[in-house]
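Below is one structure, written out as structure tokens; the observations come after it.
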Amino acid sequence: MEKILEGKMTETRNVKSMRMDSMDVKEILMLINEEDKRVPESVQEVIPEIEKAVELVIGAFNNGGRLIYMGAGTSGRLGVLDAVECPPTFGVDKTKVMGLIAGGEKAFIEAQEGAEDSKELAVEELDGIELKSNDIVCGIAASGRTPYVIGGIEYAKKMGCKTIAISCNKGSKIGEIADVAIEVEVGPEVLTGSTRMKAGTAQKLILNMISTTSMTGIGKVYENLMVDLKITNIKLQERAKNNVMQITGCSYEVAQEALEKAGNQVKVAIVMVLLQCNKEKALERLNESSGFIREAIK
């Protein structure tokens with residue numbers, strides 16, 4: 001039988017934690033913290049690859065496509081987490097960024113044994129969301145060899161999709177087959193093989209970078225503010241008013257009135273105040289500028 005984990009950085013023992021069971025609480029905490037400091041530096045080394053990935057995602061979005069994350073276990077959960085945050089943060093439809101996890105939704109809170117070993121399951125799930133050639137599939141696997149993720153990337157390429165692979169081992173299997181390979185090595189985990197730790201942190205940082213930068217690239221951010229956020233609760237209602245006030249310099253009352261007239265569309269309210277126009281004119285200017293406020297207010 002093939003030794004599938006042999007030689008993988010994610011399975012290597014960390015010499016600094018060899019006596020972890022005899023360390024006191026503070027020693028363990030200090031060690032974990034010290035090891036975690038390596039993660040951002042490791043991510044920085046793969047920014048050129050992340051940039052290529054973002055360019056592909058922006059291209060897919062502009063072509064009417066979706067970003068689809070695929071992973072198993074921690075990797076899958078991180079993809080789902082990033083995906084579900086996009087609608088409230090950027091005002092996109094819940095299908096614009098999707099997270100598929102081996103074993104389905106149940107796997108988010110409870111391990112589904114054996115699901116990650118099925119390439120066929122990945123194909124079924126991509127068929128289930130009606131994968132199209134203008135979509136982009138991003139496979140996430142710390143080891144870089146999860147069959148579910150491999151199957152998803154292979155099928156996506158067969159369907160004509162662009163693909164991204166995020167792993168924590170150099171020369172990964174998923175990296176070999178994807179259009180863009182992001183391979184970030186963070187060194188051995190404090191707890192050997194527990195890739196929910198440094199590897200998971202690195203993956204989360206990379207997903208933050210991909211989704212945030214891609215959404216900025218399609219006009220969902222102005223300055224450093226969320227201008228397409230969905231107002232679904234009192235906190236977000238106040239944040240929306242604050243955004244309008246900070247960008248336009250208007251009063252709280254004016255911001256509130258503009259949002260009401262704009263149907264709670266933050267971006268529209270901002271343009272209405274800045275150009276002193278009605279909702280219809282603001283929408284027209286935004287449509288002409290592909291949703292970018294900076295262009296709409298020129």
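Glu189 contributes a side-chain N or O that, together with a main-chain N or O of Lys198, makes up a donor-acceptor pair within less than 3.5 Å.
Residues that satisfy the side chain to side chain donor-acceptor pair (under 3.5 Å) test with Lys298, not counting sequence neighbours, are Glu295. Legend: residues meeting side-chain contact (heavy atoms from CB on, under 4.5 Å) with Lys157, ordered by chain and number and at least two apart, are Ile153, Thr163, Asp179. In this structure, the side-chain contact (heavy atoms from CB on, under 4.5 Å) partners of Ala72, at least two apart in sequence or on a different chain, are Ala102, Glu116, Thr146. Checked against side-chain contact (heavy atoms from CB on, under 4.5 Å), Ser211 has the following partners two or more places apart in sequence or in another chain: Tyr69, Asp82, Cys86. Residues that satisfy the salt bridge (charged side-chain N to carboxylate O under 4.0 Å, His left out) test with Glu27, not counting sequence neighbours, are Arg19. By the side-chain contact (heavy atoms from CB on, under 4.5 Å) test, Glu51 is found to be paired with Glu55, residues two or more places apart in sequence or in another chain being considered.
Residues Val149 and Ile206 are members of separate hydrophobic clusters, defined by side-chain heavy-atom contacts under 4.5 angstrom among Ile, Leu, Val, Met, Phe, Trp and Tyr. Hydrophobic clustering (ILVMFWY, side-chain heavy atoms < 4.5 Å, transitive): Leu78 and Leu100 are in distinct clusters. If you chain together hydrophobic residues whose side chains sit under 4.5 Å apart, Val92 and Phe292 never meet in one group. In the hydrophobic cluster analysis, where Ile, Leu, Val, Met, Phe, Trp and Tyr join through side-chain heavy atoms closer than 4.5 angstrom, Ile140 is grouped apart from Leu81. Tracing side-chain contacts under 4.5 Å through hydrophobic residues (I, L, V, M, F, W, Y), one never reaches Met209 starting from Val80; they form parts of separate clusters.
Atom NZ of Lys230 has more than 12 heavy atoms from other residues, nucleotides or ligands within 6.0 Å.
Under a 4.5 Å side-chain heavy-atom cut-off, the cluster of Ile, Leu, Val, Met, Phe, Trp and Tyr residues that includes Val25 is completed by Leu29. Membership of the apolar cluster around Met245 extends to Tyr252, as traced through chained side-chain contacts below 4.5 Å between ILVMFWY residues. Grouped with Ile32 in one hydrophobic cluster are Met20, Met23, Ile28, Leu31, Val190, Leu191, Met197, the linkage being side-chain heavy-atom contacts under 4.5 Å among Ile, Leu, Val, Met, Phe, Trp and Tyr residues.
In this structure, Phe108 and Arg77 approach most closely via the heavy-atom pair O-NE, 2.9 Å.
Within the structure, the salt bridge (Lys or Arg N to Asp or Glu O under 4.0 Å) test picks out the following pairs touching residues 245-267 (sequence neighbours left out): Asp228-Lys267, Glu257-Lys261.
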(request) Output, in order, the C-alpha distance, side-chain angles, deciding distance and verdict of side-chain hydrogen bond (donor to acceptor under 3.5 Å, both in side chains) for Arg145 and Ser143. (result) CA-CA 5 Å; Arg145 47 77 45 206; Ser143 67; 4.7 Å; no

(message) Go through it in stages, so that I can follow the logic: the residues are Asn169 and Ser167, the test is side-chain hydrogen bond (donor to acceptor under 3.5 Å, both in side chains), and I'd like the CA-CA distance, side-chain angles, deciding distance and then a yes or no.
(response) CA-CA 6 Å; Asn169 283 307; Ser167 70; over 6 Å; no

Exercise answer: donor-acceptor pairs, residues 125-133 side-chain atoms, under 3.5 Å, sequence neighbours excluded:
| from | atom 1 | to | atom 2 | distance (Å) |
| --- | --- | --- | --- | --- |
| Glu125 | OE1 | Tyr148 | OH | 2.4 |
| Asp127 | OD1 | Tyr155 | OH | 2.4 |
| Lys132 | NZ | Glu130 | O | 3.2 |

Let me check something: any side-chain donor-acceptor pairs from residues 39-50 under 3.5 Å, sequence neighbours excluded? List them with distances.
| from | atom 1 | to | atom 2 | distance (Å) |
| --- | --- | --- | --- | --- |
| Ser42 | OG | Arg38 | O | 3.1 |
| Ser42 | OG | Glu185 | O | 3.2 |

